[in-house]
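Order of the sequence lines fixes the chain letters, A, B, ..., with proteins taken first and strands second; residue numbering starts at 1 for each chain.
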Amino acid sequence: MRFLRRCGLGCLKIKVHVETCPHHKGDLRLDIHFEHRVLLDIKISDIADSLAKGQYGTRESKEVAIEGRVQFDLFQAMQRDYKLSSYSLNSVSAHFLAEQKEDVHHSIISDLQNGNAETRRRLAVYCLKSHKYKTTEANMMRSSLQHFNSERWQIWNTNDMNTNGSSLDGYWDAYLPQRLLDKLMYIYNYVEMARVTGVPISFLLSRGQSIKVLSQLLRKAKQKNLVIPNAKQAGSEQGTYEGATVLEAKAGFYEKPIATLDFASLYPSIMMAYNLCYCTLVTPEDVRKLNLPPECVNKTPSGEIFVKSNLQKGILPEILEELLTARRRAKADLKEAKDPLEKAVLDGRQLALKISANSVYGFTGATVAQLPCLEISSSVTSYGRQMIEHTKKLVEDRFTTVGGYEHNAEVVYGDTDSVMVQFGVPTVEAAMSLGREAAEYISGTFIKPIKLEFEKVYYPYLLISKKRYAGLLWTNSNKFDKMDTKGIETVRRDNCLLVKNLVTECLHKILIDQDIPGAVQFVKSTISDLLMNRMDLSLLVITKGLTKTGDDYEVKAAHVELAERMRKRDAATAPNVGDRVPYVIIKAAKGAKAYEKSEDPIYVLENNIPIDPQYYLENQISKPLLRIFEPILKNASKELLHGSHTRSISISTPSNSGIMKFAKKQLSCIGCKALISNTDRTVCSHCKGREAELYCKTVDNVSELEMLFGKLWTQCQDCQGSLHQDVLCTSRDCPIFYRRKKAQKDMAEAKLQLDRWKF
DNA sequence: AGCTCAGACGTTTAAACGTCATTGC
DNA sequence: CTGCACGAAACAAGCAATGACGTTTAAACGTCTGAGCT
């Protein structure tokens, strides 16, 4: 708890996740030590199952509350704050720390523990990830305990574990989370967030957004001596209301700068401008009874009536005002900050305030929450819809040739609080000045504090459809800031890496290098590699989240079916609800559904099952590519997907498939691949004279593959922290793992070829 | 008896629709 | 004190949009069969 104390927190809690064995439920006890004292012992049966549902997905976890400890489960924090393809400690560490740990599945742990001294020793090495280990039974116990705890990798104070003076400074499963915690400045940001919203830190992980808003509301209400009704409004089962407008996207490749005009914090500023709140909402009867003059009320586009702030200032606008002022202050501080660490902390602070401000609107529209008020939320969105249409009209009416400008402005797209305008001017600089002019002009037509800001220019700009676009982002006219992509495969997690890399690379070549032939060439060579089976398996792994249990799905989906099959194969290693399921598509009978062709990548590697390159070409690569190339290249489909590079394919047949049981294996010539009789063994009559050359080639091939495998093996040994042990790691997230397995297989095959020379 | 052709019936293809995962704002 | 049945309490930001894929429905197509004609 060293880091917690450092932060000056009075209340400390620890959260422990324990995998329980059904036979020992009840008599297994867990002691929590701290500075030589037993703080607490818990019966495992006291540990509660908790089921977290909501926007962060459904996930089961076990927890036990211990007074005096702050619980901070990094696993949960990670899932909330970052969108990753995998949340294993391994892959997260690789992502943020560029460091990995060996990934031994917990189902192997008991085998290692129950084996002999050597296997237990092996387990200890894994657990400690350190050369300094002792093979005493006590350490073993602690090692396995450590592992069980780390299955959901919470912070475990390394100091607590070390208080008996041992030199076990490398509890890796604890060390990595702590490194992550420091690197991502979780404590600092979460303390900040807790202060701003007025909730305990544990709420930030265990509960949702609405508790934060409620907490602020309660705080404010107390100041004003108001009470908040406890009862949920009856009959609020009407569900949804109309949301924001998304302007029609005029898809295409724009080679002129596109200026982006954004409303600053649209929904919060609407609520402030029109004084929308629970306590300012009045009915038409109220207006009549109280004899409210019309100049004291606002009627929203959705028909609701709110009194103006001179009569009664709303609580929500007040909260928002505070949040936004604080955010502005945080942003100003951020600008002054020089030190990268300080910068990151201040950025986290302003982000927290922004999120808080935005969820106030969401809180009023949540029909299942404590205090729904659809009058407010639908008023907010109706104002928003009106404003974006108004903005579009104003831009297109004012910036015209008739009005004295060089070109007619055109709004090509807009979503909720932004419009993308093509002013027609050729340079970024000119677009920027027009953008600034437009923002200022249009802001003047709205009530304070609603403000339209000019933020950035996209040039060039590739608009694919609503919520899908890419472009180079410019905030100053000298140099573009970065390539920005929204909604397309580069930012989505449900595609394989191959698609992601390919699309990213193509966009890079098209937008930055402006090298369209280069992009085409790259696509062609990638497709050729794929069809020739030269693709690394890790690039072909698709992951999708398992959001509910198998029975609750109404239609069959690849990842769901695979999870079911894996459960039947081995329930221990199968993915659970909330996990992301990695899979690859394998060859199967023609016309087979995708869910019949999905398979666990590790299973594929171990059983030498051929993947289906055609599927990847037709169902993964082709459509995303065409969407990008279509606006740029005519005949894109013909050029990219049906060229000569698609001709040569490598056909792999599964050795264990049904039909192959009836086929007789026949040798082929090592030189020219012609079929030869089994008596010849090595080469056909044509290649007879080249035997020496061919033999050398085979030997070279074997030694090359041996070197590659050796290199990968060493790398994995390095990662597990010992060069004297077998590599046990089976991480589905590690590209080295796939390459190592493949190299091993290739090497074995090459050796078989070599053996044929021995008569 | 042999041929033709409408209609029944089975199979393939296409379109419409719904579910699911994911992202944008 | 423990186990069981039962009821109460607690919990959950929003909507818009795309695209992949499975399922259902409709349409097109092909084959077969038996009535009717020559």
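When rounded to the nearest whole Å, the span between CD of A:E489 and P of C:dG19 equals 8 Å. Between the NE2 atom of A:H559 and the C1' atom of C:dA20 there is a distance of 12 Å, given to the nearest Å. The CZ atom of A:R207 sits 9 Å away from the P atom of C:dA13 (whole-angstrom rounding). Remark: C1' of B:dC25 and CG of A:L266 are 10 Å apart, rounded to the nearest angstrom. Separating the CG atom of A:L546 from the C1' atom of B:dT22 is a distance of 15 Å, rounded to the nearest angstrom. Atom CD1 in A:I542 sits about 12 Å away from atom P in B:dT22, given to the nearest Å. Rounded to whole Å, atom P of B:dC25 lies 13 Å from atom OH of A:Y267. Spacing between atom CD of A:E554 and atom C1' of C:dG22 amounts to 12 Å, rounded to whole angstrom units.
Comparing A:A594 and A:R468 by the nucleotide of DNA chain C that holds the closest heavy atom to each, the one mapping nearer the 5' end is A:R468. When each of A:A558 and A:R627 is assigned the nucleotide of DNA chain C bearing its nearest heavy atom, the one mapping closer to the 5' terminus is A:R627.
We find that A:R565 and A:E599 are joined by a salt bridge, their nearest charged nitrogen and carboxylate oxygen being less than 4.0 Å apart.
Under the ring pair (Phe, Tyr, Trp, His ring centres under 6.0 Å) test applied with A:F96, the options A:Y186, A:Y82, A:Y87 reduce to a single match, A:Y82.
The six-membered or imidazole ring of A:Y274 lies near that of A:Y383, with a centre-to-centre distance under 6.0 Å.
Regarding contacts with the backbone of B:dT19, every side-chain N or O of A:K556 stays at 4.0 angstrom or more from both OP1 and OP2. The phosphate of B:dG24 (OP1 or OP2) has no side-chain N or O of A:Y413 nearer than 4.0 angstrom.
When only modelled atom types and interatomic distance are considered, A:D81 and A:Y190 share a side-chain donor-acceptor pair under 3.5 Å.
Within 6.0 Å of atom OH in A:Y459, 12 or fewer heavy atoms from other residues, nucleotides or ligands are found, so the atom counts as exposed in its surroundings. Atom NZ of A:K451 has 12 or fewer neighbouring heavy atoms from other residues, nucleotides or ligands inside a 6.0 Å radius.
Each of C:dC15, C:dC21, C:dA12 was ranked by its minimum atom distance to the side chain of A:T240; first place goes to C:dC15. Among the nucleotides C:dG22, C:dC21, B:dA21, the one closest to any side-chain atom of A:Q620 is C:dC21. In this structure, the nucleotide among C:dA17, B:dA21, C:dT23 sitting nearest to the side chain of A:R492 is B:dA21. Nearest nucleotide to the side chain of A:Y553, out of B:dC20, C:dC15, C:dA13: B:dC20. Minimum atom distance to the side chain of A:P624 is reached by C:dA20, of the listed B:dT22, C:dA20, C:dA16. Among the nucleotides B:dT23, B:dC25, C:dG22, the one closest to the side chain of A:V555 is C:dG22. Nearest to the side-chain atoms of A:S465 among the listed nucleotides C:dT18, C:dG14, B:dA21 stands C:dT18. Checking C:dA16, B:dT22, B:dG24 against every side-chain atom of A:R580, the shortest atom distance belongs to B:dT22. Comparing C:dT18, C:dA13, B:dT22 by their nearest atom to the side chain of A:R493 picks out B:dT22. Closest to the A:Y361 side chain, of the nucleotides C:dT23, C:dG14, B:dC20, is C:dG14.
The C1' atoms of five pairs define one axis at each end of the helix from B:dA1-C:dT38 to B:dC25-C:dG14, and these two axes lie 20° apart (to 10°).
The residue A:Y595 sits close only to the backbone: its heavy atoms come under 4.0 Å of sugar-phosphate atoms, none of a base. Across all strands shown, A:F263 has no heavy atoms under 4.0 Å from either base or sugar-phosphate atoms. Among the atoms of the strands shown, none is found under 4.0 Å from any heavy atom of A:A557. Residue contacts shown for A:K467 include a base, since a base heavy atom lies under 4.0 Å away. Across all strands shown, A:G362 has heavy atoms under 4.0 Å from base atoms, whether or not it also approaches the sugar-phosphate.
Side chains of A:L540 and A:Y616 form a contact here, defined as non-hydrogen atoms less than 4.5 Å apart.
Every residue meeting the salt bridge (charged side-chain N to carboxylate O under 4.0 Å, His left out) condition with A:R385, not counting sequence neighbours, appears here in chain and number order: A:E242.
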Checklist entry - Going through the distances and angles, do A:F263 and A:F446 end up as a ring pair (Phe, Tyr, Trp, His ring centres under 6.0 Å)? => result CA-CA 11 Å; A:F263 285 103; A:F446 292 114; 5.4 Å; yes
